[in-house]
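What you see is a predicted model; the values in this text were computed from it and never measured. By convention in this document, chain letters (A, B, ...) are assigned in the order of the sequence lines, proteins followed by strands, and residues within each chain are numbered from 1.
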Protein chains: 2
Amino acid sequence: MKIDHDSPADYSAQIASAIRDSIVEGRLIVDERLPSEAELSEQFEVSRPTVREALKRLAAQSLIRTQRGATGGAFVNRLSYEAAQAQQITTSTLLLSMNAVSFETACEARFTLERACAPLSAQRRSADHLASMRAEIHRQGQPGLTDEAFCASDVAFHRALVDGAGNPVLSYQLAGAVEAMQPLMNMITFTARDRARIIALHESIADALEAAEAEKTAAALTALEAETQALARDVFAARAAKP
Amino acid sequence: MKIDHDSPADYSAQIASAIRDSIVEGRLIVDERLPSEAELSEQFEVSRPTVREALKRLAAQSLIRTQRGATGGAFVNRLSYEAAQAQQITTSTLLLSMNAVSFETACEARFTLERACAPLSAQRRSADHLASMRAEIHRQGQPGLTDEAFCASDVAFHRALVDGAGNPVLSYQLAGAVEAMQPLMNMITFTARDRARIIALHESIADALEAAEAEKTAAALTALEAETQALARDVFAARAAKP
DNA sequence: GCCAATCTAATGTCAGACAATTAGATTTCC
DNA sequence: GGAAATCTAATTGTCTGACATTAGATTGGC
């Protein structure tokens, strides 16, 4: 492993790339220990701080973890579903907030993906998932709930729906889509009547899943999407009218 | 912005978190310039190398970019769809390769998500998307194509299908699901007969999209999923039988 | 007024040092 | 002889101070 000392790119970026490739392509396996920083700096013919910057880049992506002490060092990290989801959510949230993505587009994407889970979830959801969903529905009906808390509960409800599909890869993929919508949803003010309609739709979703009816679940999700889109249109129209 | 000098966590990690939060929560907006490294090291009361490690962590997530020169510095980066997709793909690929995810689970997730795109894609796909799909189908029929190239073309075909839905958020979300399957697909050896069956299904998908028939598209995708799963089962069974 | 040389502020890199942490080896005491 | 305490070595985390490199801003000459 060498780097190009004539390349315009930073050494630390090159080194990080080289190591990342080794991991992705399997030359470095999970839990394997990388050479110490001193050894790496010799191998790549750069100073230790430069190597360290490269390692920090990899640590930021959860590709490695570091440990201090005698038998310490940098180890190839097993990327857990948890860590991957967290990254997904951060990336998705930023993508939406920084690119003036319309509420409509994001909402469409989210509900399209959720509808995809409906058949699997109707077939496989456990009693636990149903219980979670019912609990969130109950919470959503509590008086005095802030809009933010209402949205958070909405997200929890939908994540239970997705998890019900019993496919961890699917859960991971959808985490970003569901969670990243929350900041957008938080821009909406929900009247009591709005909440009642949403809760009713949540109930019909939970009922359909309990009855293992995929079609009805998908239909209810479509209705909820329409409701959400209409709500957002009204809010944004009102805001545009009198700023 | 201060850090906790008594915390067990690395300073550089704390600093990176503090700045990341500022970006996510909108206190730092796109293209805004961060204080110089020297100023940051004063603010946080740490040395410059420590600040630099923190900045490299953020750069690894494409949250900031740095520029040298007199008016240089670190700037909040607009997270582009491209960069976000690239991250998504890396994360998804690693997640699958490191967690012994079964072919079955990954394949199910991928096709479930793709089926979700079928209605939108049938409605909105442009001539360009159809042309891309036809071109990939043609390539897949070429004799002498390696298995790897066949898989790559398969991925390109499916990405065209997803892009046809005309929702960039959806395209971004699915990029990971589609691309991360490639290494798993590459473990399969495709006989001429296998390829012919897959190509026929690709053609029926393209036909259905051209005719704007959402149901048929979804059905063809389901058939392709069944075909792929069967193929994988055979390959893995044969490999288990005589290692 | 325009162009080239210079200035300047910022990041990129280096060298060397010390502190903190931790596992394992060694020693000491019972 | 065994267990607890201590020591040692390896490694990461951090600091200081310096120099190199880059690219915009400034200034001077014509």
_Check this one for me: any side-chain N or O of A:Ser47 less than 4.0 Å away from OP1 or OP2 of C:dC14?_
yes

*Is it true that atom CD of A:Glu104 has more than 12 heavy atoms of other residues, nucleotides or ligands lying nearer than 6.0 Å?*
no

*Quickly work out the A:Ile64 CD1 to D:dT12 C1' distance and round it to whole Å.*
12 Å

*Grab the CD-C1' distance between B:Glu53 and C:dT11 for me, whole Å please.*
15 Å

_Whole-Å distance separating the CD atom of A:Gln14 from the P atom of C:dT13_ = 9 Å

_Tell me the interatomic distance from A:Leu40, atom CG, to D:dG13, atom P, rounded to whole angstroms._
13 Å

*Pick from B:Arg139, B:Gln140, B:Arg134: which one makes a side-chain contact (heavy atoms from CB on, under 4.5 Å) with B:Phe157?*
B:Gln140

*How many Å lie between CD on B:Glu39 and C1' on C:dA9, as a whole number?*
11 Å

*What about A:Phe150 and A:Phe190, are their ring centers closer than 6.0 Å?*
yes

*Do A:Arg68 and C:dT22 share a donor-acceptor pair, side chain to base, under 3.5 Å?*
no

*Look at the side chain of B:Arg48 against the base of D:dG17 and say whether a donor-acceptor pair falls under 3.5 Å; ignore hydrogens and angles.*
no

*Give B:Arg65 one of three labels, base, sugar-phosphate or nothing, depending on what nucleic acid heavy atoms sit under 4.0 Å from its own.*
nothing

*Do side-chain atoms of A:Asp10 reach the backbone of A:Ala13 as a donor and acceptor pair under 3.5 angstrom?*
no

*Ignoring backbone atoms, test whether B:Ser36 places a side-chain nitrogen or oxygen under 4.0 Å from the OP1 or OP2 oxygen of C:dA9.*
no

*Out of C:dA23, D:dG13, C:dG12, which nucleotide sits closest to the side chain of A:Glu37?*
D:dG13

*State whether B:Ser12 places a side-chain N or O below 4.0 Å from either non-bridging phosphate oxygen (OP1 or OP2) of D:dG13.*
no

*Counting heavy atoms from C-beta on, name the nucleotide in D:dT14, D:dT12, D:dG24 closest to the side chain of B:Thr71.*
D:dG24

*Please report, rounded to the nearest Å, how far the C1' atom of D:dG13 is from the OH atom of B:Tyr11.*
9 Å

*Over how many whole Å does the gap from B:Phe44 atom CZ to D:dC15 atom C1' extend?*
18 Å

*D:dG24, C:dT13, D:dG13: which one has an atom nearest the side-chain heavy atoms of A:Lys56?*
D:dG13

*Looking at A:Glu42, A:Glu39, A:Glu37, A:Glu53, which hits salt bridge (Lys or Arg N to Asp or Glu O under 4.0 Å) with A:Arg48?*
A:Glu37

*CD of A:Glu45 versus P of C:dT13: gap in Å, rounded?*
15 Å

